[in-house]
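Below you'll find the structure, written out as structure tokens, and then a few comments.
Starting from 1, each residue takes its place in the sequence as its number. Worth knowing before you read on, the calculation uses all heavy atoms, side chains too, and leaves out hydrogens, waters and symmetry mates.
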Amino acid sequence: MTLGFETQQIHAGANPDPATGARQIPIYQTTAYCFRDAEHAAKLFNLQEVGYIYSRLTNPTVAALQERVATLEGGAGAVCCSSGHAAQIMALFPLMGPGKNVVVSTRLYGGSITQFSQTIKRFGWTAKFVDIDDMDAIQNAIDDDTRAIFCESIANPGGHIADLRAIADVADKAGLPLIVDNTTATPYLCRPFEHGATLVVHSMTKYLTGNGTVTGGVVVDSGTFDWSASDKFPSLSAPEPAYHGMKFHETFGALAFTFHSIAIGLRDLGMTLNPQAAHYTLMGIETLSLRMERHCANAQKVAEWLEGHDAVTGVTYAGLKSSPYYDRVAKVCPKGASGLFTFSLKGGYESCVKFVDALELFSHVANLGDTRSLVIHPASTTHRQLSPEQQRAADSGPEVVRVSIGIETVDDIIADLDQALTKAG
Ligand SMILES: *Cc1c(COP(=O)(O)O)cnc(C)c1O
């Protein structure tokens, strides 16, 4: 019998501690682990036996979190990383190489656009940006050097919902993995593997932890992609010199990507999550479903209220009937469209800045997915580095405000927006 989501968010990965019986998962604040003897140590280093060596690679608290997120996403394995951005590099690392490219959505978190359009070039990787709603554009962007397609299930900040099944079909036809950033949706609202995705990445900084205490990320593997079907993914299919010619896919099957990410990715890139952070995230995930229900319900009411306000020219929330993505909610994230969206003010840039300054309950921060309501004006902050065209493509023009609706009393949220809109003129 498969347990329900609400049961798994509490119990997955959380067996009583084998040493003490501790009911809650202990924070294993240790760097290293004693080997039983020299033979045990040799086997661990050869990947012939699974166990703990050194916390850059694996740690029991982090491992519990990996198991929990993998379970909630319906994946084969997961690897936690030091941030969402680290997770994105860790997801691409086994797939890419100098001269290779990834086809990515223009509608991504601003930091991801910068990471993909600028920083990955230092590795000899490139990103080809496409309108992720345009299947022909995705198809046409794919060439012999393409190694993955990358999009967000519910896009930050615009709340656009990707037609994951249609994109996965394009990826399948080209023999490529589809990587989905599921940060805004969380596995409670959307499970990308059920729509054909190969890998899921999260910024656990956001809804998974849920209270603004942690920077963390995770890569989850569905375990279903055939890395050996072509010669495109030699890191996973070809002999690995650092492990005496062992082939990851042949040896570890559905766990090939996960084992590679630990044994090579974390070993050599070192983007490791610390056990204290893993503990906070485990605590957060225990209430994920309850928080997401309230985030969605509050966001729906707030979006409807804003849509009827004179100073507001548009609201992007996909839960609104006016949204072009309304029909996709039922298909992609039937439990709701999350708590993140943008709206536009008639008064443009000046009004947005005044509005943000006038809010009292909302916190003006560069974060989302917190229990408390958050606001930011992307054009003057997170999306500042982008060109005007990139800003517009990412729904972050000068007149746009992004809100992450918290789980407070919804009337208080609306009252704060009301007084600030009045002050913004
Ligand atoms: C915040 C965010 C990231 C980056 O995550 P960090 O934990 O800040 O590194 C990536 N994708 C999305 C959708 C995000 O919201």
Side-chain angles (χ1 to χ4, degrees), residues 3 8 10-73 75-82 86-87 90 93-94 204 214 216-221 223 227 235-283 285-286:
L3 298 170
Q8 287 175 334
I10 296 166
H11 292 282
N15 294 322
D17 180 51
T20 63
R23 175 59 280 187
Q24 197 42 281
I25 299 161
I27 303 165
Y28 281 90
Q29 196 70 41
T30 183
T31 309
Y33 308 83
C34 293
F35 306 123
R36 287 195 301 272
D37 51 33
E39 195 195 332
H40 177 222
K43 279 192 172 159
L44 290 177
F45 277 92
N46 265 343
L47 301 183
Q48 286 163 323
E49 187 176 325
V50 177
Y52 297 102
I53 298 176
Y54 185 65
S55 283
R56 174 161 23 88
L57 307 174
T58 45
N59 170 283
T61 314
V62 176
L65 175 57
Q66 286 168 171
E67 190 178 334
R68 184 165 303 173
V69 179
T71 304
L72 294 179
E73 286 287 2
V79 178
C80 289
C81 313
S82 50
M90 286 281 291
F93 177 66
M204 299 195 295
V214 159
V218 65
V219 185
V220 193
D221 178 23
W227 304 110
S235 296
L236 296 162
S237 63
E240 170 57 46
Y243 287 105
H244 309 297
M246 185 258 291
K247 297 178 183 169
F248 273 91
H249 191 209
E250 188 184 275
T251 309
F252 298 112
L255 284 169
F257 188 94
T258 302
F259 272 69
H260 187 278
S261 295
I262 294 168
I264 311 264
L266 289 183
R267 186 195 67 187
D268 296 343
L269 301 178
M271 302 168 169
T272 307
L273 189 74
N274 67 76
Q276 190 79 39
H279 165 75
Y280 289 130
T281 304
L282 280 162
M283 295 303 94
I285 290 177
E286 290 192 350

For the backbone of [Y] and the side chain of [X], can you confirm whether one donor and one acceptor N or O come within less than 3.5 Å of each other?
X	Y	result
Gln66	Cys80	yes
Arg68	Leu282	yes
Thr61	Pro26	yes

Which heavy atom in [X] sits nearest to a heavy atom in [Y], and how many Å separate them?
X	Y	result
Ala14	Ile25	CB-CD1, 3.7 Å
Arg267	Arg56	O-NH1, 2.6 Å
Ala64	Gly13	CB-O, 3.4 Å
Ala70	Val220	CA-CG1, 3.9 Å
Gly21	Pro16	O-CB, 4.1 Å

Open item on the list: Run the side-chain contact (heavy atoms from CB on, under 4.5 Å) test on His244 and Asn46 for me, step by step, so that the C-alpha distance in whole Å, both residues' side-chain angles and the decisive distance to 0.1 Å come before the verdict.
Closed with: CA-CA 9 Å; His244 309 297; Asn46 265 343; 3.7 Å; yes
Rounded distance [0.5 Å steps], [atom1] in [X] versus [atom2] in [Y]:
X	Y	atom1	atom2	answer
Lys247	Phe252	NZ	CZ	14.0 Å
Phe257	Met90	CZ	CE	7.5 Å
Met246	Phe248	CE	CZ	4.0 Å
Ile10	Ile285	CD1	CD1	11.5 Å
Leu57	Leu266	CG	CG	6.5 Å
Cys81	Leu273	SG	CG	8.0 Å

Task: Gln48 atom CD, over 12 foreign heavy atoms within 6.0 Å - done: yes
Open item on the list: Quick check on Phe35: does its CZ atom have over 12 non-hydrogen neighbours (other residues, nucleotides or ligands) under 6.0 Å away?
Closed with: yes
- [ ] Classify the ring geometry between Phe93 and His260 as parallel (under 30°), tilted (30 to 60°) or perpendicular (over 60°).
- [x] tilted
Task: Sole candidate of Tyr52, Tyr33, Tyr28 that passes side chain to side chain donor-acceptor pair (under 3.5 Å) when paired with Asn59 - done: Tyr33
Open item on the list: Under the side chain to side chain contact (heavy atoms under 4.5 Å, CB included) test against Phe259, which residue among Val79, Thr251, Val50, Ile264 passes?
Closed with: Val50
Task: Side-chain heavy atoms of Glu73 within contact of Val218, under 4.5 Å - done: no
